[in-house]
Undergrad: 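Handing you this structure, nothing more for now.
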Amino acid sequence: MTLVSTEKDPDALTLTLVAEFDAPPEQVWQVWEDPRKLERWWGPPTFPATFTRHEFVPGGEARYHMTGPSGEQPRGWWRFGAIEKPRRLEFQDGFADDAGEPLPDEPVTGIVTLEPAGTGTRMTFVTRFVDAAQMEQLLAMGTVEGVTEAIGQIDGLLLPSAV
Amino acid sequence: MVSGTLTEDAVARVFHALADGTRRDILRRTAQREESISALARHYAMSLPAVQKHVAVLERAGLVAKRRHGREQLLSGEPATIRRAADLLDAYEALWVGRVTRIADLLGEEGTAP
């Protein structure tokens, strides 16, 4: 795998990531289409994801939860937009309540594009956030292996000396 | 205000360093005041070399700095790096770098078989 580039645009609130894989687009597409494969990479090893619903059709929805080291289970949902196998996938990703149903918060938009690159695939992933608060909330979901917690603690320490 | 940027490698090092409870605690203590490594080690139920290993990870990530004072090695937190690490887009980027790494591992396991 080669990480080609990541581009952060703080004004447009987007993150664009380009990576290349040594597998054809049809195979890379499977890591999105097959929920059992999706579960193997969406969450880090310490925060594995479980997809309990995965309707991989335009307008279809997904439900998932992550399981943290202390047994906490933050929940989320997706709504699929365009699905053009094996080239393009659009979905919205939002927070869910304890029953797994979508909360009213604005979801984040993800756009996946797969293109053949030699014998492999170039994947471009664009995330579009609504605002900075949403980014914070997403990170607070704990998907970054305790980093958010660490940053929270550290921010608290720095406050007294911060300008 | 977040200033400066970290390279991809640096971001990965910072997040790796912060992913461990002992290292976060070391950072918390040394962000408050300079402490010697031997004094620090007394807070943890582990050997001095084990604590030194954690310190080395934090040092490589640029989160703490060491200086020698007589026989002692003194350790202090590096607030600038810590603050930059808090940049939310950086954190989200690190999350996705982790994800594509896991996708590559998954595809590698499957080989090129259909």
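As the structure is a prediction and not an experimental result, all values here were calculated from the model. What's counted below: heavy atoms across the whole structure, side chains too, no hydrogens, waters or symmetry copies.
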Undergrad: Check for me, please, whether A:I83 and A:V28 land in the same ILVMFWY cluster - side-chain distances under 4.5 Å, paths through other members count.
TA: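 Linked within one cluster.
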Undergrad: So what's closer than 4.5 Å to chain B heavy atoms on A:T119: side chain, backbone, both or neither?
TA: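 A:T119 has no heavy atom closer than 4.5 Å to chain B.
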Undergrad: Taking the side chain as C-beta and beyond, is there a heavy-atom pair between A:L17 and B:R99 under 4.5 Å?
TA: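 Not in contact.
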Undergrad: Does A:R40 use its side chain to pair, donor to acceptor, with the backbone of B:R102 at less than 3.5 Å?
TA: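 Side chain of A:R40 to backbone of B:R102: no pair is present.
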Undergrad: With sequence neighbours excluded, tell me which residues meet side-chain hydrogen bond (donor to acceptor under 3.5 Å, both in side chains) with B:S38.
TA: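 Applying side-chain hydrogen bond (donor to acceptor under 3.5 Å, both in side chains) to B:S38 gives B:S36.
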Undergrad: In this structure, which one of B:V100, B:I103, B:T101 forms a side-chain contact (heavy atoms from CB on, under 4.5 Å) with A:W41?
TA: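 Of B:V100, B:I103, B:T101, side-chain contact (heavy atoms from CB on, under 4.5 Å) with A:W41 is met by B:I103 alone.
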Undergrad: For B:R23, which residues count as a side-chain hydrogen bond (donor to acceptor under 3.5 Å, both in side chains) partner, sequence neighbours excluded?
TA: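 Listed in chain order: B:H54.
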Undergrad: Relative to each other, are the rings of A:F125 and B:W96 parallel, tilted or perpendicular (30° and 60° limits)?
TA: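 Answer is parallel, since the angle falls under 30°.
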Undergrad: To the nearest 0.5 Å, tell me how far A:E39 CD sits from B:L106 CG.
TA: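 Spacing of CD (A:E39) from CG (B:L106) equals 11.5 Å.
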Undergrad: Are A:V126 and A:F21 connected in the hydrophobic side-chain network, where two residues link if heavy atoms are under 4.5 Å apart?
TA: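 Looking at the clustering, A:F21 is in a separate group from A:V126.
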Undergrad: Are A:V31 and A:V112 connected in the hydrophobic side-chain network, where two residues link if heavy atoms are under 4.5 Å apart?
TA: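 As far as the 4.5 Å side-chain criterion goes, A:V112 and A:V31 are connected within one cluster.
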